[in-house]
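A quick write-up on the structure given underneath.
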Amino acid sequence: MTWMDMTEREIADAVGAFGVPNFRVRQIAEWLRKGVRPADMTNLPKALREQLDTIPFGGARIYQKRVSEKDGTVKYLFELEDGNLVEGVLMRYSYGNTVCLSTQVGCNMGCRFCASTLEGCVRSLRPGEMLSFLAEIERDEPPQDGKPRTVTNIVLMGSGEPLDNYDNVVTFLKRVTSEQGPNISARNISLSTCGIVPKIYRFIDDAPHVTLSVSLHAHDNETRSKLMPINKAYPIEQVLDAAGTYAERTGRRVVFEYALIGGVNDSERDAKALASKLRGMLCHVNLIPLNPVKERGLNGVTRQHAHTFLGWLEREHISATVRREMGADIEGACGQLRRRVLNETRG
């Protein structure tokens, strides 16, 4: 086990093996909650820091950073201790700063519009690795104006399917919302899933205050199955039933993500059919003009057309917005930067 994956009790047991007093245990635990490596624990004796370094840290380091000249969005490429690379994005809004985090190295879901899944899933991320992404971002972008932290919101919407890494993700959520950890409100966290239905029902009990986002992207099984192979296992009717149960039991609206793909799901007929499926559910539709992935051969739509589609939904009394475009000049979409760096390395 690594330092970043240990619980409070496990940290105490590990440190106790070095024969240090209790106040040192508390100091070490506080450092680790901030993602600080033993060598940088400045109030510890050098000899103790060297002892702590005998246990693997288990965190990540910033491998590459790109900043958008358009909106200040920051795209991070993190390097894990096993050499794998994974992405994260810091987005700035008027209400605070949101970090989009990955939950796996790559993805197994095979969605046709996504770069993350082109080479499958290498492995799932551990809770400590996900926590270390936050710590690295906070260190790179320190809080300003006396604020306690830079990151105020989290979306688990990067590379990977969070519910395919269920236990690690739930553990991460418990730790990131803990008063002894980053203490980010669960209501400021969203999790996006392609629709693994049995785990949506589990998630209602394990994380009822986290916002559930469902990647829908179509209103019928034929289209959705072509775009998202997971639909063959869990058809759209089952996904919508699970989402409706989430809304009823938690009292929180479900967010449906809908990537607008030219000539596939972007007509007025599509909007009306989608509205008929969602009517009566406590939900919101997040419309996303597709960011094309050249290997996939799918085309996006203009933002003007996205707003036209929005108008069609609103006339059907469906709450919806068009997602703000961020980081387009820095390969902001999931998997794009990682894939380019890997291709360059191989080349």
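- Using a distance-only test at 3.5 Å, with no hydrogens or angles considered, no donor-acceptor pair links the side chain of S132 to the main chain of G35.
- You'll find the side chain of V74 stays beyond 4.5 Å of the side chain of V89, heavy atoms only.
- Remark: the backbone N or O of A273 is paired with a side-chain donor or acceptor of S276 at under 3.5 angstrom.
- Here the CG atom belonging to N97 is positioned 12.0 Å from the CD1 atom belonging to I154, to the nearest 0.5 angstrom.
- Between R123 and D82 there is a salt bridge, since at least one side-chain N of the basic residue sits less than 4.0 Å from a carboxylate O of the acidic one.
- Between D71 and R324 there is no salt bridge, since none of the side-chain N atoms of the basic residue sits less than 4.0 Å from a carboxylate O of the acidic one.
- Across I196 and D164, no two heavy atoms sit closer than the pair CD1-N, 4.0 Å.
- In terms of heavy-atom proximity, L44 sits nearest to R49 at O-NE, 3.0 Å.
- Between the side chain of E316 and the backbone N or O of K272 there is no donor-acceptor pair closer than 3.5 Å.
- Tracing side-chain contacts under 4.5 Å through hydrophobic residues (I, L, V, M, F, W, Y), one never reaches Y258 starting from I288; they form parts of separate clusters.
- Contact of the P127 side chain with the D5 side chain is registered, since non-hydrogen atoms from C-beta on lie closer than 4.5 Å.
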L32 and E30: side chain to side chain contact (heavy atoms under 4.5 Å, CB included), yes or no, with the steps?
CA-CA 5 Å; L32 290 172; E30 288 172 2; over 6 Å; no

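- Judged purely by distance below 3.5 Å, without hydrogens or angles, the side chains of N221 and E237 pair a donor atom with an acceptor atom.
- With hydrogens and angles ignored, the 3.5 Å screen pairs a side-chain donor or acceptor of E10 with a backbone N or O of T7.
- Note on E141 versus K65: salt bridge recorded, some NZ/NE/NH1/NH2 to OD/OE distance being below 4.0 Å.
- Residues Q104 and S124 bring a donor and an acceptor atom of their side chains to less than 3.5 Å of each other.
- Across all their heavy atoms, T117 and C107 have their closest contact at OG1-O, 3.0 Å.
- A donor-acceptor pair shorter than 3.5 Å cannot be found between the side chains of N153 and Y93.
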Test side chain to side chain contact (heavy atoms under 4.5 Å, CB included) on E161 and N165 and set out the steps.
CA-CA 7 Å; E161 163 56 54; N165 186 20; over 6 Å; no

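- Cluster annotation: F23 and I28 are assigned to distinct hydrophobic clusters (Ile/Leu/Val/Met/Phe/Trp/Tyr, side-chain heavy-atom contacts under 4.5 Å, transitive).
- L216 and L282 fall into different hydrophobic clusters, where Ile, Leu, Val, Met, Phe, Trp and Tyr residues are linked whenever their side-chain heavy atoms come under 4.5 Å apart, directly or through other members.
- Residues D206 and Y166 have side chains in contact (heavy-atom distance under 4.5 Å, counting atoms from C-beta outward).
- With 3.5 Å as the limit, one finds a donor-acceptor pair spanning the side chains of R252 and T211.
- Surrounding NZ of K174 are at most 12 heavy atoms belonging to other residues, nucleotides or ligands under 6.0 Å away.
- In terms of modelled atom types and a separation under 3.5 Å, the side chain of D266 and the main chain of L260 share no donor-acceptor contact.
- Within the 4.5 Å cutoff, no side-chain heavy atoms of I261 are placed close to those of N299.
- Within the model, atoms CG of N231 and OG of S215 stand 12.0 Å from one another, a figure rounded to the nearest 0.5 Å.
- Counting only distance, with no hydrogens or angles, the side chain of W3 and the backbone of L52 share a donor-acceptor pair below 3.5 Å.
- Counting heavy atoms from C-beta on, the side chains of L90 and T73 never come closer than 4.5 Å.
- Distance check: L163 CG to T193 OG1 gives 4.0 Å after rounding to the nearest 0.5 Å.
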Check against side chain to side chain contact (heavy atoms under 4.5 Å, CB included), R323 and E257
CA-CA 9 Å; R323 179 184 289 180; E257 295 152 5; 4.2 Å; yes

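- Expressed to the nearest 0.5 Å, how far CZ of R24 lies from CE of M41 amounts to 12.0 Å.
- Rounding to the nearest 0.5 Å gives a distance of 12.0 Å between CG of L101 and CD of E129.
- Atom OG1 of T321 sits about 9.5 Å away from atom NE2 of H307, to the nearest 0.5 Å.
- The backbone N or O of A259 sits less than 3.5 Å from a side-chain atom of N265, completing a donor-acceptor pair.
- Here the closest non-hydrogen pair linking A242 and I200 is CB-CG2, 3.9 Å.
- A side-chain N or O of D270 and one of S267 form a donor-acceptor pair less than 3.5 Å apart.
- Between the side chains of D140 and Y76, at least one donor-acceptor pair of N or O atoms lies under 3.5 Å.
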How far apart are the C-alpha atoms of K277 and D220, what are their side-chain angles, what is the distance that settles it, and do they pass the salt bridge (Lys or Arg N to Asp or Glu O under 4.0 Å) test?
CA-CA 9 Å; K277 289 284 179 71; D220 63 287; over 6 Å; no

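- One hydrophobic cluster, built from ILVMFWY side chains closer than 4.5 Å, holds both F256 and L191.
- Annotation for G59 and E81: closest pair O-CG, 3.4 Å, computed over non-hydrogen atoms.
- Residues D13 and R9 are in side-chain contact: their nearest non-hydrogen atoms beyond the backbone lie under 4.5 Å apart.
- Listed for the R92 side chain is a donor-acceptor partner under 3.5 Å among the backbone atoms of G72.
- Formation of a donor-acceptor pair under 3.5 Å by the T250 side chain with backbone atoms of P208 is not found in this model.
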Assess the residue pair V255 and V214 against the criterion (side chain to side chain contact (heavy atoms under 4.5 Å, CB included)); give the C-alpha distance rounded to whole Å, side-chain angles, the decisive distance to 0.1 Å, and a yes or no.
CA-CA 6 Å; V255 176; V214 178; over 6 Å; no

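- Between the side chains of S192 and S213, no donor-acceptor pair of N or O atoms lies under 3.5 Å.
- Listed by first then second residue, pairs satisfying ring pair (Phe, Tyr, Trp, His ring centres under 6.0 Å) with a partner in residues 196-243 read F113-H217, not counting sequence neighbours.
- Closest approach of L173 to A207, counting heavy atoms only: CD1-CB, 4.2 Å.
- No cation-pi contact links R61 to F78, judged by a cut-off of 6.0 Å to the six-membered ring centre and 45° from its axis.
- Counting heavy atoms from C-beta on, the side chains of K75 and M91 never come closer than 4.5 Å.
- Taking the side chain as every heavy atom from C-beta outward, M157 and S102 never approach each other to under 4.5 Å.
- Put simply, the residue from R126, K199, R202 that forms a salt bridge (Lys or Arg N to Asp or Glu O under 4.0 Å) with D167 is R202.
- Between the T150 side chain and the E138 main chain, no donor and acceptor come within less than 3.5 Å of each other.
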